Amino acid sequence: DPVRGQPIAWRGSVPSLAAPGVLWVGEAAGLTSAATGEGIWHALRSGREAALAIAEAPDADGLAERYRRRIRRTFAGPLLGAAAFSHAASTGIFPALVRLAYRPPFGVLSRLLLERI
C-alpha cells in the first residue's frame, strides 16, 4: 500500500481544552510535539490530568479552569520548546545549528535540550 500521512494537530501554547460537558485530551486538544510528532505521552498525561481534575472537583463549576491549570503546569514549557524547535528547523539556519551541535561542548547541551522537548 502507498504510504499515507495525516497532519498533526499541535499548538505552541496550551490551547482551549474544554466545552460544557467535555474535556479534550491528547491530539484532540492539540497536545502533541511540534518537534517530533509524538503524542502518546501527551495523550496519556493529559488524560490523567483530566481524571485528576474531575476527581478533585466538588461539582462542574471551575472544572475547565482546574484542568487548564494542570495542563499549563505540565505542558506549557514542552509545547513552547517544541514549537520553537520546529520553527527553527524550517529556517535556513538549522543546518548550521546541527553542525554546531556536534562540536564540544554543544554536543552535551544539545542532547540535554532534545531530551526536554
Side-chain angles (χ1 to χ4, degrees):
D1 290 335
V3 176
R4 296 179 220 181
Q6 179 66 27
I8 298 167
W10 64 272
R11 307 282 188 282
S13 61
V14 176
S16 174
L17 300 165
V22 177
L23 298 178
W24 288 295
V25 301
E27 193 172 0
L31 297 173
T32 55
S33 172
T36 64
E38 192 272 327
I40 294 173
W41 177 83
H42 299 71
L44 293 172
R45 184 63 189 262
S46 59
R48 177 181 184 270
E49 297 302 330
L52 291 171
I54 292 167
E56 293 171 353
D59 55 40
D61 293 336
L63 174 60
E65 184 54 34
R66 182 177 294 108
Y67 176 51
R68 182 172 172 73
R69 279 194 310 269
R70 295 183 78 86
I71 293 298
R72 188 179 302 127
R73 186 173 50 242
T74 303
F75 290 98
L79 290 175
L80 181 61
F85 179 85
S86 180
H87 177 71
S90 67
T91 67
I93 196 170
F94 189 70
L97 292 175
V98 170
R99 285 191 298 278
L100 183 63
Y102 284 101
R103 295 183 181 190
F106 300 108
V108 173
L109 296 174
S110 61
R111 180 182 55 81
L112 293 173
L113 173 66
L114 289 173
E115 288 175 355
R116 300 288 299 165
I117 58 173

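Only a predicted model underlies this, so the values are computations on that prediction, with no experimental measurement involved. The first residue of the sequence shown is numbered 1, and numbering continues consecutively from there.
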What's the verdict on side chain to side chain contact (heavy atoms under 4.5 Å, CB included) for V25 and L31, showing C-alpha distance, side-chain angles and the deciding distance? CA-CA 7 Å; V25 301; L31 297 173; 5.9 Å; no
Euclidean distance, R73 CZ relative to R69 CZ, rounded to 0.5 Å: 8.0 Å
If every non-hydrogen atom of A64 is compared with every non-hydrogen atom of L23, which pair is closest and at what distance? CA-CD2, 4.4 Å
Closest non-hydrogen atoms of G26 and S46, given as atom of the first, atom of the second and distance, are N-OG, 2.8 Å
Kindly say whether the aromatic ring centers of W41 and F75 come within a distance under 6.0 Å. yes
Can you see which heavy atom on D61 is nearest to which on D59, and at what distance? N-OD1, 3.0 Å
Only counting residues at least two apart or in another chain, list the ones meeting side chain to side chain donor-acceptor pair (under 3.5 Å) with E56. R70
Path from L44 to I71 over hydrophobic side-chain contacts below 4.5 Å: no
ILVMFWY cluster, W24 and Y67 together (side-chain gap under 4.5 Å): no
